[in-house]
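Heads up: the structure comes next, in structure tokens.
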Amino acid sequence: QVQLVESGGGLVQAGGSLRLSCAASGRTFSNYVMGWFRQAPGKERDFVAAISRSGASTNYAESVKGRFTISRDNAKNTVYLQMNSLKPEDTAVYYCAAKNAPWRSSSWSYYDMESWGKGTLVTVSL
């Protein structure tokens, strides 16, 4: 499995921006579909965004479309999540995840992914 370490979380006011990073090691990064998920207190871990192995294709949850952008740099073994126009309801622990699989255009679920980071907390205040 690939090892994943997230960074970039923090406290931001509503309307602000943050960029999360996820550094991967241990396996060939470009073999993995990468995703971001989030989990708010007392709630399930939900899909946020995913990106194909080459970076050519992406998929987003409806709640973040137009505000969040997932990208990857295979030379740096890193995937990013640019979050703009943040809302208090975006407050959650954000997790990076990986799956060694071909791309598909439909949403990815918690059960699809093989490897997980430990998460980074994003708090959006009013």
Side-chain angles (χ1 to χ4, degrees):
Q1 290 186 341
V2 63
Q3 287 76 51
L4 304 171
V5 179
E6 303 95 337
S7 61
L11 174 64
V12 63
Q13 286 189 328
S17 298
L18 280 176
R19 189 175 84 153
L20 306 183
S21 299
C22 172
S25 62
R27 291 290 187 267
T28 303
F29 180 66
S30 59
N31 287 345
Y32 288 82
V33 169
M34 299 299 298
W36 287 96
F37 292 73
R38 66 186 181 186
Q39 188 167 18
K43 296 190 176 182
E44 295 183 347
R45 192 171 299 186
D46 292 331
F47 170 76
V48 174
I51 189 166
S52 63
R53 293 178 288 192
S54 68
S57 300
T58 58
N59 193 10
Y60 296 93
E62 286 296 325
S63 59
V64 306
K65 277 185 180 178
R67 300 189 298 123
F68 290 11
T69 302
I70 188 171
S71 61
R72 67 190 296 162
D73 185 336
N74 286 346
K76 295 183 178 180
N77 292 349
T78 302
V79 62
Y80 305 97
L81 186 68
Q82 178 67 44
M83 305 186 295
N84 298 329
S85 302
L86 282 161
K87 305 175 182 180
E89 51 264 43
D90 294 318
T91 295
V93 177
Y94 283 71
Y95 296 91
C96 177
K99 170 75 171 180
N100 188 337
W103 175 252
R104 69 167 191 254
S105 58
S106 58
S107 177
W108 295 76
S109 79
Y110 171 85
Y111 300 101
D112 290 323
M113 311 309 283
E114 297 171 345
S115 302
W116 293 88
K118 294 184 177 181
T120 185
L121 177 62
V122 172
T123 303
V124 184
S125 64
L126 288 169

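For clarity, every value in this text was computed on a predicted model and none was experimentally measured.
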Q. In chain order, what residues pass the side chain to side chain donor-acceptor pair (under 3.5 Å) check against Asn84, with sequence neighbours excluded?
A. Ser17, Gln82

Answer yes or no for [X] and [Y]: cation-pi contact, defined as NZ/CZ to six-membered ring centre under 6.0 Å and angle to ring axis within 45°.
| X | Y | value |
| --- | --- | --- |
| Arg27 | Tyr32 | no |
| Arg38 | Trp36 | no |
| Arg45 | Tyr95 | yes |

**Q.** Hydrophobic cluster identity match, Trp108 and Val48, side-chain contacts under 4.5 Å
**A.** no

Q) Is Thr78 close to Arg72 at the side-chain level, that is, under 4.5 Å between some pair of heavy atoms? A) no

Search all heavy atoms of [X] against all heavy atoms of [Y] and return the closest pair with its distance.
| X | Y | answer |
| --- | --- | --- |
| Leu126 | Ala14 | CA-CB, 4.4 Å |
| Thr91 | Val124 | OG1-N, 2.9 Å |
| Met113 | Gly35 | CE-N, 4.1 Å |

Q | All salt bridge (Lys or Arg N to Asp or Glu O under 4.0 Å) counterparts of Arg67, not counting sequence neighbours | A | Asp90

Q) Near Glu89 CD, under 6.0 Å, is it more than 12 heavy atoms from other residues, nucleotides or ligands? A) yes

Q) Parallel under 30°, tilted from 30 to 60°, perpendicular over 60°: which one fits the rings of Tyr94 and Phe68? A) tilted

Q | Ring center gap for Phe37 and Trp116 short of 6.0 angstrom | A | yes

